[in-house]
Amino acid sequence: MEEEWIAGKHSVTEALRSGRTINKIWIADTAQKHLTQPIIAEAKKQGIVIQHVDKRKLDQTVPGIQHQGVVAQAAPYAYAEVEDILEAAKSKNEHPFLILLDEIEDPHNLGSILRTADCTGAHGVIVPKRRSASVTATVSKTSAGAAEYVPVARVSNLAQTIDRLKEEGVWVVGTDVTAREGVFGNGVFTGPVALVIGNENKGMGRLIREKCDVLVKLPMQGQINSLNASVAAGVVMYEVLRARQEQE
C-alpha cells in the first residue's frame, strides 16, 4: 500500500504537527472556514499541496467517516518495533507501560484505546498481525489524532512477545471477567507493566491468558457483566496512571 487516508480536523492537524509525511490535503468547498484555516496555514508552511474539491469526492474517498471536509493523503502508517517502545520508556526514565491487544478487531475500539493510551502516558500498543484491526483512517479519526503519537507495533506472535517482555522484567497483567483479583489498589501497576486486553467477544485466548502473571477484573454491579473492550481498557489504563502518580 503506497498511501493512506487521514480524515477529520483533529486527525489531519495532529498528523501535520507530528511530522507525518503528507502528500496532499483535500478541502471540501463547503467546509467551515474556522475548521480548515489553521490546517491550510500549516500545510502551506510545510509546502503541502492543497486542493479544494466537491464534498462528494471526500465522501467517496473515505466512505462512512465523518471527515468534516478535510482529508489528507499520507505516507503509509509507520509501525514501531517492540524494542523502540521499550527504549522510549527507558529514555524517559520511566517504567514501561504497554498495552497488548489480543485480537481487537473493531477499528473504533483500537482508535479509542490509542486515545486513552496517549492520555494516560502509555509508551505504546502492541497488536498481532493477524485477526486484528490495523491503523486506518477510521482508527485515526476515532483516536482524535492520538494515532500519530502512540507507537503501535505489529507482531507475528503475541505469546512470544509476552515471553520477551517478561525477560525484560515486564509484569504481564490480563483483564478477565472470571479473575479473582480486583483491578483497583492491588499494587501490580507501579513497576514495568504490560496490560492485556482481550477480543471484543471471546476475551483473551487460552495461551495468552495462561502467560499472564496475574489476572484482574473490574467490579460489576449491574445486570450486564462486561464492558465494551475500549471502555474496560480505559478504566484499567487510568488505574495504572493513578497508581503511578500516587507512588511519585
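The neighbour count for R115 CZ, taken as heavy atoms of other residues, nucleotides or ligands under 6.0 Å away, does not exceed 12. At most 12 heavy atoms of other shown residues, nucleotides or ligands fall within 6.0 angstrom of atom CD in Q66. Atom CD of E81 is surrounded by 12 or fewer heavy atoms from other residues, nucleotides or ligands within 6.0 Å.
Of the possible polar contacts, none joining the E103 side chain to the G198 backbone as a donor-acceptor pair under 3.5 Å is found. The closest donor-acceptor contact from the side chain of E148 to the backbone of E14 lies at 3.5 Å or more, if one exists at all. Within the 3.5 Å criterion, the main-chain N or O of P107 finds no donor-acceptor partner in the side chain of T142. Between the side chain of S140 and the backbone N or O of S11, no donor-acceptor pair lies under 3.5 Å.
Within the 4.5 Å cutoff, no side-chain heavy atoms of L114 are placed close to those of Y149. Within the 4.5 Å cutoff, side-chain heavy atoms of N109 are placed close to those of E200. Residues R209 and T178 are in side-chain contact: their nearest non-hydrogen atoms beyond the backbone lie under 4.5 Å apart. In this structure, F189 and F184 have side chains that are not in contact, with every pair of non-hydrogen atoms separated by 4.5 Å or more. Residues L101 and V125 have side chains in contact (heavy-atom distance under 4.5 Å, counting atoms from C-beta outward). Side chains of D163 and K211 form a contact here, defined as non-hydrogen atoms less than 4.5 Å apart. Counting heavy atoms from C-beta outward, T36 and V70 have side chains that approach closer than 4.5 Å. Taking the side chain as every heavy atom from C-beta outward, I27 and V53 never approach each other to under 4.5 Å.
Following chains of ILVMFWY side-chain contacts shorter than 4.5 Å, one can reach V236 starting from V231, so the two form part of one hydrophobic cluster. One hydrophobic cluster, built from ILVMFWY side chains closer than 4.5 Å, holds both I197 and L218. Criterion: ILVMFWY side-chain heavy atoms under 4.5 Å apart, direct or through other members. Under it, V177 and M204 are not part of a common hydrophobic cluster. In the hydrophobic clustering of this structure, M237 does not group with L100; members are Ile, Leu, Val, Met, Phe, Trp, Tyr whose side-chain heavy atoms approach within less than 4.5 Å, directly or through other members. Using a 4.5 Å cut-off between side-chain heavy atoms of Ile, Leu, Val, Met, Phe, Trp and Tyr, with links allowed through other members, L110 and Y77 fall into the same hydrophobic cluster.
Looking at R20 and E4, a side-chain N of the basic residue comes within less than 4.0 Å of a carboxylate O on the acidic one, giving a salt bridge. With respect to R164 and E168, no salt bridge is recorded, no charged nitrogen being found less than 4.0 Å from a carboxylate O.
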Inset, instruction - Assess whether side-chain contact (heavy atoms from CB on, under 4.5 Å) is satisfied between Q46 and L16, documenting all intermediate values. - result: CA-CA 9 Å; Q46 295 186 27; L16 285 165; 4.0 Å; yes
Inset, instruction - Check the pair I99 / I113 against side-chain contact (heavy atoms from CB on, under 4.5 Å), numbers first and verdict last. - result: CA-CA 9 Å; I99 315 297; I113 288 167; 4.2 Å; yes
Inset, instruction - Just do the salt bridge (charged side-chain N to carboxylate O under 4.0 Å, His left out) check on D102 and K202 with the steps written out, would you? - result: CA-CA 10 Å; D102 185 17; K202 307 188 299 262; over 6 Å; no
Inset, instruction - Apply side-chain contact (heavy atoms from CB on, under 4.5 Å) to I25 and V71, showing your working. - result: CA-CA 6 Å; I25 293 176; V71 173; over 6 Å; no
Inset, instruction - Show the numbers, then the answer: is there a side-chain contact (heavy atoms from CB on, under 4.5 Å) between N157 and R130? - result: CA-CA 9 Å; N157 189 312; R130 295 176 62 214; over 6 Å; no
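W171 meets the ring-ring contact (aromatic ring centres under 6.0 Å, His included) test with no other residue; sequence neighbours excluded. Under the side-chain hydrogen bond (donor to acceptor under 3.5 Å, both in side chains) criterion, S156 pairs with no residue, sequence neighbours left out.
Here L207 contributes atom CG and I162 contributes atom CD1; the two are 7.5 Å apart, rounded to the nearest 0.5 Å. Taking NE2 of H10 as the reference point, atom CZ of R17 lies at 9.5 Å (rounded to 0.5 Å). Annotation: the span from Q73 atom CD to K24 atom NZ amounts to 6.5 Å, rounded to 0.5 Å. Note that CG of L35 and OG1 of T13 are 9.0 Å apart. Values are rounded to the nearest 0.5 Å. Atoms CD1 and CD, from I50 and E42 in turn, are 10.5 Å apart once rounded to the nearest 0.5 Å. Rounded to the nearest 0.5 angstrom, N199 CG and S132 OG are separated by 9.5 Å.
Nearest heavy atom pair, residue C119 against residue L241, reads O-CD2, 4.3 Å. Residues V173 and C212 share a closest heavy-atom pair of C-SG, 4.4 Å. Here the shortest heavy-atom pairing between V170 and A194 reads CG1-N, 3.5 Å. Between G124 and V150, the shortest heavy-atom distance links the atoms CA-CG1, 4.1 Å. For the pair I22 and A72, the tightest heavy-atom approach, listed with the atom from each and the gap, is CG2-CB, 4.1 Å. Between I85 and A153, the shortest heavy-atom contact is CD1-CB, 4.0 Å.
With respect to T138, the side chain to side chain contact (heavy atoms under 4.5 Å, CB included) criterion is satisfied by exactly one of V62, D106, I65: I65. No option in K90, H95, E94 other than E94 meets the side-chain hydrogen bond (donor to acceptor under 3.5 Å, both in side chains) test with H123.
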